[in-house]
Visitor: 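One structure, pasted below without further comment.
Only this structure's heavy atoms are used, side chains among them; waters, hydrogens and symmetry mates stay out. Chain identifiers are assigned alphabetically (A, B, ...) following the order of the sequence lines, protein sequences preceding nucleic acid strands; residue numbering begins at 1 within each chain.
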Amino acid sequence: MNSQRLAVAVLLALVAIPSAAQTTDPNLARDIAAGCANCHGTNGVSAGGMPTLAGQPKADLVKKMQDFKAGRTPATIMPQLAKGYSDEQIDLVAGWFAAQKP
Amino acid sequence: MTITPRRQFLKALGAAGLAAGPLAGCAVSPARSGPRVVIVGGGYGGATCAKYLDLWSNGKLDITLVEADAAFVSCPLSNLVIGGSKQLSDITVSYDALVKRGIKVRYDTAQAVDPIRQTVRISNQLDLPYDRLVLSPGIEILFDQVQGLGSPEAQAKILHAWKAGPQTVALRRQLEAMPDGGVFAISIPKAPYRCPPGPYERACQAAWYFKRAKPRSKVLILDGNEDVVSKKGLFMKAWNEDYKGIVEYRPNYVLTSVDAATMTAKFDIADNVKADVLNVIPPQRAGAIAAQAGVITANNRWCEVDFLSFESIKVPKIHVLGDSIQIAPLMPKSGHMANQHGKVAAAAILNAFAGMPPNPTPVINNTCYSFITDRDVVHVDSVHVYDKEKKTFQTVQGSGGLSPGPTALEGEYAFAWAKNIWSDMLA
């Protein structure tokens, strides 16, 4: 049992070395975008009644979010939610949705 | 023990490595030899977590969802069934699409967790082994916190309807049977409880029904809190305008006991209240299996988690989602939030199987609609980011907010929200 524990500890230590330096998750864009899926559908493909984000040009999505964030487009929840995301996060998410199949 | 921890770990690494490989689309129906995840509870948290584990592993994980009910019944929108503008069938969704995905759905009840052997016992004495366990059991209703509510007879008469399903329909029947001029009283426990605005929305829905069908009737809100817990201005406006003369709000009504024979509610300080229909929402805690598994760590009620992974702070490899957790500041116990928990946990579990740490910078949001009438709706929303110093989620300053007032447009959005989130978790 001790040797098994040691083996696991060694493996964990090995994977922990790169992790210590890691500040950005490789799936960060996917993970942030998943937060939009509640309303806009899984992978941004709407199940109805909300705009589909999948396959939209990245520049359009960035502009829409930035217009919400700056208060240029009046709406109900999106101006409030857009203010919660940084410009970098908006850029990442827009790029991710643009690459999804609508 | 047939599989050593080391073998499990290597097996897991291998499976995760294959997930994005070129063979992903080739096999017709590959046997799922990947790491095993058992999820207890098929609500907003558990079903979402199951689906996203499957989606993001390209179907490689061996996923079992243990759910007691034959279909999902949504708590959000269930107040519309009580108001009479929707039926239970409108808020019911089957688990078939998850089964078609290859997720094993067991309509059963989890009895016990053995965190050392890493197994979950279900009711036919079968032990389901897991590499990771996700508990999303919702709430346990603490009937024993209200004297007189312990017996099945009392519970059949004084309903909570705080788990959508048969009780939702039964409460609707009670309102239908109530004579015009009757009193419907709702008792609200001290926060935190499931769905902060839910009791106030329920008051609106009952009032909407009374206004049309039995206008001499009253809705009494007996709040165990000092003030309206959620969307205060919006609800107060509705009660003082649309529902003036129907709804009465009373703060500081801390319920201590009920008498089911006389339908009387008794409070710590306030005078007794007698009602024709008495709806008591008792205090709650994390679902029973969480207590059994030993992951309840806060006030003997809620489960503290590492917010990067939703793994229990106490028991390794057990993740807890949704209403069962000890919430972060300003994080509501909502279905939308549970869905977001499910995704953060799914990503963290997949990372763990690949030998990677969880995403260090998760961001999640909440959107919560409340129906003032059958179609006019208000919302509250928020965005939450992980604060690595405080090790919790914090709302982003300047973000989030409320509706200026109820609108039919937000009513359409609320129904679209339901359609999309049910699809996001169950399709």
Visitor: How far apart are the closest heavy atoms of B/Ser382 and A/Leu81, and which atoms are they?
Guide: O-CD2, 3.8 Å
Visitor: Does any backbone or side-chain atom of B/Glu412 lie under 4.5 Å from a heavy atom of chain A? Answer side chain, backbone, both or neither.
Guide: neither
Visitor: As an exercise, state the distance from OG of B/Ser403 to CD of A/Gln80, rounded to the nearest 0.5 Å.
Guide: 7.0 Å
Visitor: Given a strict heavy-atom distance threshold of 4.5 Å, which part of B/Thr48 is in contact with chain A: side chain, backbone, both, or neither?
Guide: neither
Visitor: Go through it in stages, so that I can follow the logic: the residues are A/Asn27 and B/Leu350, the test is side chain to side chain contact (heavy atoms under 4.5 Å, CB included), and I'd like the CA-CA distance, side-chain angles, deciding distance and then a yes or no.
Guide: CA-CA 11 Å; A/Asn27 292 308; B/Leu350 287 165; over 6 Å; no
Visitor: May I ask you to name which of B/Trp422, B/Tyr413, B/Phe415 has the most heavy-atom pairs under 4.5 Å with chain A?
Guide: B/Tyr413
Visitor: Around atom NZ of A/Lys83, are there more than 12 heavy atoms of other residues, nucleotides or ligands at under 6.0 Å?
Guide: yes
Visitor: Quick one: does B/Asn359's side chain have a donor or acceptor within less than 3.5 Å of a partner on A/Thr24's backbone?
Guide: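 A pair under 3.5 Å: no.
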Visitor: Kindly compute the distance separating NE2 (B/His379) from CD1 (A/Ile77), expressed to the nearest 0.5 Å.
Guide: 6.5 Å
Visitor: Using a 6.0 Å cut-off, check whether atom CZ of B/Arg101 has over 12 heavy atoms from anything other than its own residue.
Guide: yes
Visitor: Out of B/Val363, B/Asn365, B/Ile364, which residue meets the side chain to side chain contact (heavy atoms under 4.5 Å, CB included) rule with A/Ile32?
Guide: B/Val363
Visitor: Mind checking the CG-CG spacing from A/Asp31 to B/Asn351? Nearest 0.5 Å is all I need.
Guide: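 Spacing of CG (A/Asp31) from CG (B/Asn351) equals 7.5 Å.
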Visitor: Check the pair B/Thr367 / A/Asn38 against side chain to side chain contact (heavy atoms under 4.5 Å, CB included), numbers first and verdict last.
Guide: CA-CA 9 Å; B/Thr367 300; A/Asn38 307 40; over 6 Å; no
Visitor: If you take all heavy atoms of A/Ala47 and B/Lys419, which pair is closest and at what distance?
Guide: O-CE, 3.3 Å
Visitor: Which pair of non-hydrogen atoms, one from A/Met50 and one from B/Trp417, has the smallest distance, and what is that distance?
Guide: CE-N, 4.1 Å
Visitor: Looking only at non-hydrogen atoms, find the nearest pair between A/Gly49 and B/Ala416 and report the distance.
Guide: O-CB, 3.5 Å
Visitor: If I measure from the heavy atoms of chain A, does B/Lys51 come under 4.5 Å with its side chain, its backbone, both, or neither?
Guide: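 Interface part for B/Lys51: side chain.
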Visitor: Answer with side chain, backbone, both or neither: which region of B/Leu402 has an atom nearer than 4.5 Å to a non-hydrogen atom of chain A?
Guide: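 When you check distances to chain A, only backbone atoms of B/Leu402 fall under 4.5 Å.
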Visitor: In sequence, state the C-alpha distance, the side-chain angles, and the governing distance for A/Thr42 and B/Tyr52, and then conclude on side chain to side chain contact (heavy atoms under 4.5 Å, CB included).
Guide: CA-CA 9 Å; A/Thr42 305; B/Tyr52 273 78; 3.5 Å; yes
Visitor: Is it true that atom NZ of A/Lys64 has more than 12 heavy atoms of other residues, nucleotides or ligands lying nearer than 6.0 Å?
Guide: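 No, not enclosed.
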Visitor: Say you draw a straight line from SG of A/Cys36 to CG of B/Asn420; how long is it, rounded to the nearest 0.5 Å?
Guide: 12.0 Å
Visitor: Among B/Leu409, B/Asp381, B/Ile421, single out the residue with the greatest number of heavy-atom pairs under 4.5 Å to chain A.
Guide: B/Asp381
Visitor: Are the side chain of B/Lys343 and the backbone of A/Ala34 linked by a donor-acceptor contact shorter than 3.5 Å?
Guide: yes
